[in-house]
Amino acid sequence: MKTMQTPTNFTIGQVAQIKTISTYTLRYYDDQGLLPKVFRDKNGNRIFTNEELKWLDMIKCLKNTGMSLEKIKTFVDDTYQGSRTLQARILLLNTQAKKIKDNIEEQQTYLNKINQKIKTLKNENPTNS
């Protein structure tokens, strides 16, 4: 019985489809140095590996939490410098985690206010519950 092997190299189109991210964004991330290990084949086409796919997950995570691409690049660069930048990376991630926590608390406050308003409105017109 043959087992299917997961490819270890991906084209930009394949990565765009797998990660639901545009090829334009992938090129931009590469040009900005966010994916420093992307290499090119003999025709100049970008070739991505599983490592870049993992990096894209982290980049997307950090970006979606409001981290700037500049700070993400710092994180990427520091990662490739090894253990001497470990404390800086931990500090950067702890700072971002605090921002996320603060945002969640703020959003929870807004949600509570909205739910209270819904309750008030339903009490004004009990037939529309």
Side-chain angles (χ1 to χ4, degrees):
M1 173 188 262
K2 284 187 177 180
T3 59
M4 246 179 120
Q5 277 190 303
T6 305
T8 55
N9 291 329
F10 305 90
T11 66
I12 196 167
Q14 290 170 321
V15 174
Q17 188 173 22
I18 292 166
K19 295 298 179 183
T20 59
I21 189 168
S22 73
T23 56
Y24 172 84
T25 300
L26 290 168
R27 286 184 192 94
Y28 182 77
Y29 286 174
D30 182 31
D31 292 343
Q32 295 302 306
L34 298 174
L35 300 166
K37 294 209 173 181
V38 170
F39 64 94
R40 298 193 182 235
D41 66 13
K42 64 182 179 196
N43 297 319
N45 297 314
R46 289 172 175 87
I47 301 297
F48 296 79
T49 65
N50 287 319
E51 183 176 351
E52 281 78 43
L53 297 184
K54 290 176 186 173
W55 266 116
L56 284 168
D57 290 339
M58 180 54 81
I59 291 166
K60 191 174 184 178
C61 169
L62 295 173
K63 186 174 177 293
N64 286 339
T65 64
M67 186 179 283
S68 69
L69 290 180
E70 182 180 324
K71 285 187 180 180
I72 294 171
K73 177 156 178 18
T74 298
F75 180 75
V76 171
D77 291 345
D78 285 355
T79 298
Y80 286 110
Q81 290 182 34
S83 60
R84 67 186 182 96
T85 62
L86 185 61
Q87 291 306 313
R89 288 180 278 150
I90 290 170
L91 177 62
L92 182 74
L93 293 177
N94 278 333
T95 301
Q96 194 65 18
K98 169 92 169 77
K99 288 179 183 177
I100 294 166
K101 184 177 179 261
D102 291 347
N103 184 283
I104 289 169
E105 289 172 3
E106 182 179 33
Q107 294 298 315
Q108 187 61 53
T109 300
Y110 296 149
L111 180 59
N112 293 342
K113 286 182 182 189
I114 289 170
N115 284 334
Q116 184 58 46
K117 187 62 172 179
I118 290 168
K119 185 177 175 182
T120 300
L121 292 172
K122 282 183 176 181
N123 288 336
E124 287 179 15
N125 188 358
T127 59
N128 288 337
S129 312

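Because the structure is a prediction, the values reported are computed rather than measured.
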Derivation and outcome, side-chain contact (heavy atoms from CB on, under 4.5 Å), residues T11 and N45 = CA-CA 8 Å; T11 66; N45 297 314; over 6 Å; no

inquiry  = If you apply the rule side-chain contact (heavy atoms from CB on, under 4.5 Å), what do you find for D102 with E105, and how did you get there?
reply    = CA-CA 5 Å; D102 291 347; E105 289 172 3; 4.2 Å; yes

request  = Begin from the C-alpha positions of I59 and L35 and carry the test side-chain contact (heavy atoms from CB on, under 4.5 Å) through to its verdict.
outcome  = CA-CA 9 Å; I59 291 166; L35 300 166; 3.9 Å; yes

message = Walk me through whether D57 and K19 qualify under salt bridge (Lys or Arg N to Asp or Glu O under 4.0 Å).
response = CA-CA 8 Å; D57 290 339; K19 295 298 179 183; 2.7 Å; yes

request  = Dump the intermediate steps for side-chain contact (heavy atoms from CB on, under 4.5 Å) on Y29 and L56, then the final yes or no.
outcome  = CA-CA 9 Å; Y29 286 174; L56 284 168; 3.9 Å; yes

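In the hydrophobic cluster analysis, where Ile, Leu, Val, Met, Phe, Trp and Tyr join through side-chain heavy atoms closer than 4.5 angstrom, F39 is grouped apart from F10. Cluster membership for L69 and I100, using ILVMFWY side-chain heavy atoms within less than 4.5 angstrom, is not shared. The same ILVMFWY cluster, assembled from side-chain heavy atoms under 4.5 Å apart, contains both I18 and F48. There is a path of hydrophobic side-chain contacts, each under 4.5 Å, that joins I12 to L34. Follow the hydrophobic side-chain contacts under 4.5 Å out from V76 and you reach L53 in the same cluster.
With sequence neighbours excluded, the residues forming a side chain to side chain contact (heavy atoms under 4.5 Å, CB included) with T79 are W55, F75, R89, listed by chain and number. Every side-chain hydrogen bond (donor to acceptor under 3.5 Å, both in side chains) that N112 has, sequence neighbours left out, goes to Q108.
In the hydrophobic clustering, where aliphatic and aromatic side chains (Ile, Leu, Val, Met, Phe, Trp, Tyr) are joined below 4.5 Å either directly or transitively, I90 groups with L86.
For Y80, the OH atom sits in a packed shell: over 12 heavy atoms of surrounding residues, nucleotides or ligands are nearer than 6.0 Å. Within a 6.0 Å sphere centred on CD of E70, other residues, nucleotides and ligands contribute 12 heavy atoms or fewer. The number of heavy atoms from other shown groups lying within 6.0 Å of CD (Q81) is above 12.
S22 and A16 get closest at one heavy-atom pair: C-CB, 4.4 Å.
Salt bridge D78/K71: absent, no basic N to carboxylate O contact under 4.0 Å. R27 and D31 are not joined by a salt bridge, as no carboxylate oxygen comes within less than 4.0 angstrom of a charged side-chain nitrogen.
Here the side chains of Q116 and L121 are not in contact, with every heavy-atom distance at 4.5 Å or above. Residues N103 and K99 have side chains not in contact (no heavy-atom distance under 4.5 Å, counting atoms from C-beta outward).
There is a side-chain donor-acceptor pair under 3.5 Å between T49 and E52.
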